[in-house]
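A quick write-up on the structure given underneath.
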Number of protein chains: 2
Amino acid sequence: MVKTSALPKYIQVSEMLIREIAAGHLADGARLPPERDMAEDLGVAVGTLRKALADIEAKGLLERLQGSGNYVRHRPVVNSVYAFFRLELLRGGGLPTAQVLSVDRLAKPADAPDFGPDTQGHRIRRLRSLDGGLIALEEIWLDGGQRNVIGPDDLSESLYHFYRHQLGLVIAAVEDRIGVAAMPDWTPAAFHLRAGQTVGYVERSSRNAAHEPAEFSRTWFDPARATYVSRMGKG
Amino acid sequence: MVKTSALPKYIQVSEMLIREIAAGHLADGARLPPERDMAEDLGVAVGTLRKALADIEAKGLLERLQGSGNYVRHRPVVNSVYAFFRLELLRGGGLPTAQVLSVDRLAKPADAPDFGPDTQGHRIRRLRSLDGGLIALEEIWLDGGQRNVIGPDDLSESLYHFYRHQLGLVIAAVEDRIGVAAMPDWTPAAFHLRAGQTVGYVERSSRNAAHEPAEFSRTWFDPARATYVSRMGKG
DNA sequence: AGGAATTTGTGCGTATGTATC
DNA sequence: AGATACATACGCACAAATTCC
């Protein structure tokens with residue numbers, strides 16, 4: 001029995017449009033076609049498209065003006081609890097993208113905190129960029145029991161949609177520990193920093209809705225190009 | 001010519017419900033009637049009510065659970081935003097103390113972001129410890145208009161007690177930017193690190209209840225002894 | 001200046017999907 | 001397994017804001 005359970009249409013549409021913006025196909029300031037035309041082209045109802053556009057607006061990538069149109073605004077993508085913890089360019093903002101380097105099923109590292117019952121884990125290594133410039137290296141660990149096999153193709157744009165819909169995992173709480181560390185020995189040649197260099201370092205532990213450890217990650221970021229931002233409170 | 005143009009229904013509904021919650025007519029944890037029943041009672045369409053409920057949820061006063069119901073969440077104010085941001089020993093925890101080094105009224109530094117209208121500011125420099133061991137240097141700036149004179153004796157252990165009771169200042173939101181920097185040139189001889197050494201660095205901007213910039217601080221911490229911790233989410 | 005055309009916002013009703021109890 | 005309740009999706013009509021002739 002196959003469990004398909006596709007994402008809601010309005011999310012498919014909003015992610016597609018966000019990718020279009022991120023890829024530069026929709027330039028900053030560009031005006032989208034009228035909603036009714038777009039909806040017809042995409043084969044969805046106007047209300048569905050409007051919900052997608054409202055999502056994109058909430059992420060700060062779109063400005064919607066009654067009587068005028070929908071305008072692309074290049075800004076950082078924001079979602080859920082992760083809105084409060086993110087890497088930004090030193091001047092603020094930056095459009096984030098990520099590239100998966102490898103996905104492996106390995107024994108858990110001894111120095112990692114608990115993130116599930118299994119003795120093995122899935123290790124995902126990613127290169128992270130802001131506005132197209134490399135700014136961080138990232139290693140994410142998921143418990144081996146979550147799934148037998150994960151391939152790079154499973155991880156499209158949004159890691160958290162993969163968690164949510166492929167693993168049934170909803171991140172309910174995160175704790176970040178920020179400090180200073182040396183770049184790891186797997187730093188790719190493409191990166192502008194070398195193994196051993198001192199950089200900013202973030203260790204994250206995530207918990208699922210039942211408050212059980214579910215994810216562990218470490219991020220090494222270039223403090224000359226990016227800063228780590230936490231926000232809390234109103235507005 | 002009078003322009004009446006009543007507010008949209010969904011806003012009228014959400015404001016009415018928010019007043020009900022604020023007045024205590026809807027207790028914390030209370031479950032609202034099913035959406036169809038409420039919509040009928042209020043004389044609006046289900047979609048309109050749902051839009052109102054989504055607004056209230058966005059304000060944090062309501063939790064919407066598919067298949068279960070809509071639940072009132074009475075959270076007047078987050079009383080301690082600082083609970084989520086703190087320095088800890090590497091092994092976790094540690095009892096925090098602070099020692100005021102100096103308090104001066106000076107022209108604001110050029111590289112500081114906005115923290116009030118005045119051209120001068122109060123600069124507080126502190127040594128911070130965990131379990132008695134020095135772990136950080138801190139510099140806090142308050143707007144000069146807050147008060148004419150601040151002496152070291154005004155600042156006992158709790159800086160936020162001083163803000164609250166002496167200045168009438170309630171911190172409603174904070175943003176932290178974390179990275180790597182060099183120890184400043186005013187590093188006291190008593191500290192175990194020297195000026196110029198690379199350490200962890202936090203810049204904090206705080207806002208008062210009116211969302212106006214109110215405080216600015218920078219903290220240099222020893223990454224070999226302490227880590228900066230952010231928490232977000234349930235639990 | 002003004003009015004028509006365009007475009008997004010609001011509101012309604014209904015059918016179906018999905019999670020919870 | 002069935003009932004309940006919220007989520008998604010569709011389509012339509014009209015209002016409000018902007019733009020353009």
Side-chain angles (χ1 to χ4, degrees), chain A residues 1-17 26 29-58 60-73 79-80 161 163-172 208-210, chain B residues 1-17 26 29-58 61-73 234:
Chain A
M1 189 56 193
V2 183
K3 185 185 178 194
T4 56
S5 145
L7 291 173
K9 270 190 191 178
Y10 75 93
I11 292 190
Q12 293 182 38
V13 171
S14 70
E15 292 210 323
M16 182 269 287
L17 290 172
L26 293 171
R31 178 175 148 178
L32 300 183
E35 296 180 350
R36 277 165 184 77
D37 298 357
M38 280 186 79
E40 193 176 359
D41 288 349
L42 295 167
V44 301
V46 178
T48 303
L49 173 66
R50 283 179 57 75
K51 189 155 184 177
L53 295 175
D55 264 24
I56 301 173
E57 182 184 37
L61 290 170
L62 195 69
E63 191 173 359
R64 314 187 63 194
L65 298 178
Q66 181 177 172
S68 179
N70 292 301
Y71 300 87
V72 173
R73 295 283 177 257
N79 60 14
S80 70
H161 276 108
Y163 289 178
R164 175 77 177 84
H165 294 278
Q166 299 299 312
L167 305 182
L169 168 60
V170 180
I171 302 295
N208 61 20
Chain B
M1 188 56 192
V2 184
K3 181 177 179 198
T4 55
S5 143
L7 289 173
K9 268 193 193 177
Y10 76 94
I11 292 192
Q12 293 181 36
V13 170
S14 71
E15 295 203 328
M16 183 270 287
L17 290 172
L26 293 172
R31 176 174 147 180
L32 300 183
E35 295 181 350
R36 276 170 181 73
D37 298 357
M38 278 186 82
E40 193 176 359
D41 288 350
L42 295 168
V44 301
V46 179
T48 303
L49 173 64
R50 282 179 57 75
K51 193 159 181 177
L53 295 175
D55 265 24
I56 302 172
E57 183 184 37
L61 291 169
L62 193 69
E63 191 173 0
R64 312 188 66 193
L65 299 178
Q66 181 178 174
S68 178
N70 293 302
Y71 300 87
V72 173
R73 290 289 174 251
K234 301 186 242 185

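Quick note on labels: first sequence line is chain A, next is B, and so on, each numbered from 1.
Computed from coordinates, the A:Ile11 CD1 to C:dG17 P distance equals 18 Å when rounded to whole Å. What separates OH of A:Tyr10 from P of C:dT18 is a distance of 13 Å, to the nearest Å. One can place CG of A:Leu53 at 14 Å from P of C:dT10, the figure rounded to the nearest angstrom.
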Counting only pairs under 3.5 Å, give me each side-chain donor-acceptor contact of residues 38-57 of chain B, with atom names and distances, residues two or more places apart or in other chains.
unit_1  : atom_1 : unit_2  : atom_2 : d
B:Arg50 : NH1    : B:Glu35 : OE1    : 3.1
B:Arg50 : NH1    : B:Glu35 : OE2    : 3.3

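Under the rule for a side chain to side chain contact (heavy atoms under 4.5 Å, CB included), the partners of B:Pro8 that lie at least two apart in sequence or sit in another chain are B:Tyr10, B:Ile11. Residues passing the side chain to side chain contact (heavy atoms under 4.5 Å, CB included) test with B:Gln66: none are found, sequence neighbours excluded.
Axis angle, first five pairs versus last five pairs of the helix from C:dG2-D:dC21 to C:dC21-D:dG2: 20°, rounded to 10°.
Within the 4.5 Å cutoff, the side chain of A:Leu26 has heavy atoms near those of the A:Leu32 side chain.
In this structure, B:Lys51 reaches the C:dT10 phosphate: one of its side-chain N or O atoms is under 4.0 Å from OP1 or OP2.
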Extract from the structure each pairing of a protein N or O with an N or O of nucleotides 5-8 of chain C at less than 3.5 Å, listing the distance.
unit_1 : atom_1 : unit_2  : atom_2 : d
C:dT7  : O2     : A:Gly67 : N      : 3.4
C:dT8  : OP1    : A:Asn70 : ND2    : 3.2
C:dT8  : OP2    : A:Glu35 : N      : 2.9
C:dT8  : O4'    : A:Gly67 : N      : 3.3

Distances under 3.5 Å between protein N/O atoms and the N/O atoms of nucleotides 10-12 of chain D, please, pair by pair.
unit_1 : atom_1 : unit_2  : atom_2 : d
D:dC10 : OP1    : A:Lys9  : NZ     : 2.8
D:dC10 : OP2    : A:Ala45 : N      : 2.9
D:dC10 : OP2    : A:Thr48 : OG1    : 2.3

